[in-house]
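Chain A is the first sequence line, chain B the second, and so forth, proteins listed ahead of strands; every chain is numbered from 1.
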Amino acid sequence: MPRKIRKFKGKSLAKDLAEYTVIDIETTGLSTEYDEIIEIGALKIKDGQVIDSYSQLVKPKYRIDEFITKLTGITNEMVADKPKFIDIGMDFVNFIGNSILLGQNVNFDINFLYDRIYRDLNMHLENDFVDILRFSRKLFPELKNRKLKTVAKHLNIESITSHRAIADCEVTYKCYEEQLKIIKNMETTPELLFKKKHSHTLDAKDIVATTNQFDQNHILYNSVCAFTGKLEKMPRKEAMQLVVNIGGKCGNSLTKSTNFLIVGNFDYWSGIKNGKSSKQKKAEKYILEGQDLKVIPEDVFYDMVLGESDHNNL
DNA sequence: TCTCCTCGAGATCT
DNA sequence: CTCGAGGAGA
């Protein structure tokens, strides 16, 4: 199991905040490993108003390339006499304090800052954060993309052409405040909007036969089938449909009336013990008790359903 | 019905 | 990274 990197990193929140700190950084590239911070911007917001700001250009170890200068407008000359991160890192840490951080795809900024603060100051950036990219994905799925600029335009917020930290903070916090208004108008809250949905749409009862031509001599006719594990060749729903179209029945779980347990793959399932799922172990117990139940692998199931000849062509 | 898990697909940041 | 789909188990 891969060890968790940045283990003290804060949690991602979806909240309607009265007080927070917007952050944005400019860097020499996208890689936290190889690229460097060249500008930090932050705005403290309270009740929708800017109450404090922090803006600092930072001198990187390596030169800024042309692409970044063109993108941000930040040149090597501009940072030549600026402090290195190690000299101003503490100022930034003090500025944000323990406030909740907010930004567009803010994981990008947090990861850069987390690593830099740890390396230079031997401290952990533990602040919780709000990523407004999550908001726009939820609210504006119809837009061609959810880049800050696109979202700002959609919300009639003016955004300047240059990618500079403080300017982007301005746009970001305005986008957040506007999106909060939209959520309020929907008579919901961010918490409700991001509440995990129950996506268990697969209920065996919902699967009905698409034919009434049944072969009453088929081994699965009038039988009760259950599944365990992930099937290789089709979604479980399709397999259940096959059973039902033969005139069999399906259940979500293994019961006293189950006749066939079809076993798929569960190599991926780390919680599995002795290579057998609980359904399989339950089935073995029922068989010992004399139940008319067979445990069959996926391949055998296809032989039964489709016939030997078709099986080879799958 | 609820919580926990895994995987694959799809974006966004400079 | 985040989400949704789809599993298991209680």
Side-chain angles (χ1 to χ4, degrees), chain A residues 1-2 4-6 9-14 23-41 58 60 62 64-74 101-114 116 129-138 140-141 143-152 162-165 167-169 171-172 175 193-204 226-232 234-240 252-254 261-273 276-282:
Chain A
M1 202 166 89
K4 192 190 170 191
I5 216 83
R6 303 185 186 106
K9 186 174 162 182
K11 290 195 302 285
S12 173
L13 308 176
I23 59 168
D24 186 55
I25 62 173
E26 306 306 317
T27 68
T28 56
L30 294 172
S31 163
T32 51
E33 201 169 341
Y34 301 113
D35 294 314
E36 300 177 89
I37 296 170
I38 53 175
E39 188 180 36
I40 306 173
V58 179
Y62 302 103
I64 302 166
D65 68 34
E66 263 180 50
F67 174 79
I68 295 298
T69 293
K70 204 164 183 179
L71 183 72
T72 64
I74 299 170
L101 305 178
L102 183 141
Q104 168 80 347
N105 194 22
V106 74
N107 272 301
F108 172 82
D109 307 80
I110 298 228
N111 290 345
F112 258 99
L113 289 164
Y114 188 104
R116 204 67 239 178
F129 53 91
V130 170
D131 179 12
I132 71 162
L133 173 58
R134 293 178 67 199
F135 284 64
S136 40
R137 284 222 237 261
K138 198 69 93 171
F140 315 121
L143 293 182
K144 66 175 195 286
N145 61 56
R146 261 66 44 193
K147 292 178 183 180
L148 183 61
K149 206 163 186 170
T150 310
V151 173
S162 70
H163 269 78
R164 290 296 296 273
D168 282 355
C169 284
V171 176
T172 301
C175 284
L193 211 54
F194 289 94
K195 200 163 155 183
K196 302 260 188 214
K197 288 182 222 153
H198 264 189
S199 68
H200 290 111
T201 53
L202 180 61
D203 190 340
F227 293 81
T228 187
K230 181 191 170 77
L231 299 179
E232 290 290 330
M234 61 180 73
R236 188 181 288 195
K237 194 171 182 175
E238 282 178 32
M240 286 183 167
N252 289 325
S253 56
L254 195 109
L261 178 67
I262 295 97
V263 181
N265 211 326
F266 39 80
D267 292 344
Y268 69 93
W269 179 249
S270 58
I272 219 82
K273 302 278 193 296
K276 285 174 183 173
S277 70
S278 69
K279 277 182 185 173
Q280 197 168 344
K281 282 184 274 193
K282 194 173 174 184

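- OP1 or OP2 of C/dA8 has at least one side-chain nitrogen or oxygen of A/Thr228 nearer than 4.0 Å.
- Using a 4.5 Å heavy-atom threshold, the side chains of A/Thr28 and A/Tyr62 count as separate.
- When side chains are defined from C-beta on, A/Val130 counts as touching A/Phe135, because their heavy atoms get closer than 4.5 Å.
- Comparing atom distances between the A/Leu148 side chain and each of C/dC1, B/dT14, B/dC13 picks out B/dC13 as nearest.
- Atom CD1 in A/Ile5 sits about 10 Å away from atom P in C/dC1, given to the nearest Å.
- Residue A/Phe194 has its side chain nearest to C/dC3 when only B/dT12, B/dT14, C/dC3 are considered.
- In this structure, the CG atom of A/Asp109 is 14 Å from the P atom of C/dC1, given to the nearest Å.
- At least one side-chain heavy atom of A/Ile23 sits less than 4.5 Å from a side-chain heavy atom of A/Leu113.
- Between A/Asp24 and A/Thr172 there is no side-chain heavy-atom pair separated by less than 4.5 Å.
- Here the P atom of nucleotide B/dC13 and the CD1 atom of A/Ile68 are 13 Å apart, to the nearest Å.
- In this structure, A/Asn105 has no side chain to side chain donor-acceptor pair (under 3.5 Å) partners at least two apart in sequence or on a different chain.
- A/Lys9 is listed as a side-chain neighbour of A/Asn111, based on a closest heavy-atom distance under 4.5 Å.
- One atom, CD1 of A/Ile38, and another, C1' of B/dT14, lie 8 Å apart when rounded to the nearest Å.
- Using a 4.0 Å heavy-atom distance criterion, A/Lys138 is classed as a sugar-phosphate-only contact.
- Summarising the geometry, the separation between NZ on A/Lys149 and P on B/dT14 is reported as 11 Å, rounded to the nearest angstrom.
- Note that CZ of A/Phe129 and CG of A/Leu102 are 11.0 Å apart. Values are rounded to the nearest 0.5 Å.
- Taking OH of A/Tyr114 as the reference point, atom OG1 of A/Thr32 lies at 12.5 Å (rounded to 0.5 Å).
- Within the structure, every side-chain polar atom (N or O) of A/Arg236 is placed at least 4.0 Å from both OP1 and OP2 of C/dG6.
- No contact: A/Asp65 has no heavy atom under 4.0 Å from any strand.
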- Message: As a check on the pairing definition, encode DNA chain B in dot-bracket form, counting Watson-Crick and G-U wobble pairs whose two distances are under 3.5 Å, and using | for partners outside this strand.
- Response: ||||||||||....
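- No contact: A/Ser31 has no heavy atom under 4.0 Å from any strand.
- A/Glu26 has its side chain within reach of A/Asp168: a pair of non-hydrogen atoms, C-beta onward, lies under 4.5 Å apart.
- A/Tyr114 places its OH atom 20 Å from the C1' atom of B/dC13, with the value rounded to the nearest Å.
- Residues A/Ile38 and A/Ile68 form a side-chain contact, since some pair of their non-hydrogen atoms from C-beta on lies under 4.5 Å apart.
- Nearest nucleotide to the A/Arg134 side chain, out of C/dC3, B/dT14, B/dC13: C/dC3.
- One interatomic measurement links the two molecules: CG of A/Asp131 to P of B/dT12, which rounds to 11 Å at whole-angstrom precision.
- Note on A/Ile25: only backbone sugar-phosphate atoms sit closer than 4.0 angstrom, heavy atoms only; bases stay farther off.
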Any N/O pairs under 3.5 Å between the protein and nucleotides 8-11 of chain B? List them or say none.
unit_1	atom_1	unit_2	atom_2	d
B/dA11	O3'	A/Arg137	NH1	3.2

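- To the nearest angstrom, P of B/dT14 lies 11 Å from CD1 of A/Ile74.
- When the nucleotides C/dA8, C/dT2, B/dT14 are ranked by their closest atom to the side chain of A/Thr72, B/dT14 comes out on top.
- At the heavy-atom level, A/Asp24 lies under 4.0 Å from the strands shown only through sugar-phosphate atoms.
- Using a 4.0 Å heavy-atom cutoff across all strands shown, A/Asn107 reaches sugar-phosphate atoms only and no base atom.
- Nearest heavy atoms, A/Gln104 versus A/Ile132: OE1-CG1, 3.4 Å.
- Counting non-hydrogen atoms under 4.0 angstrom, A/Tyr34 reaches nothing in the nucleic acid.
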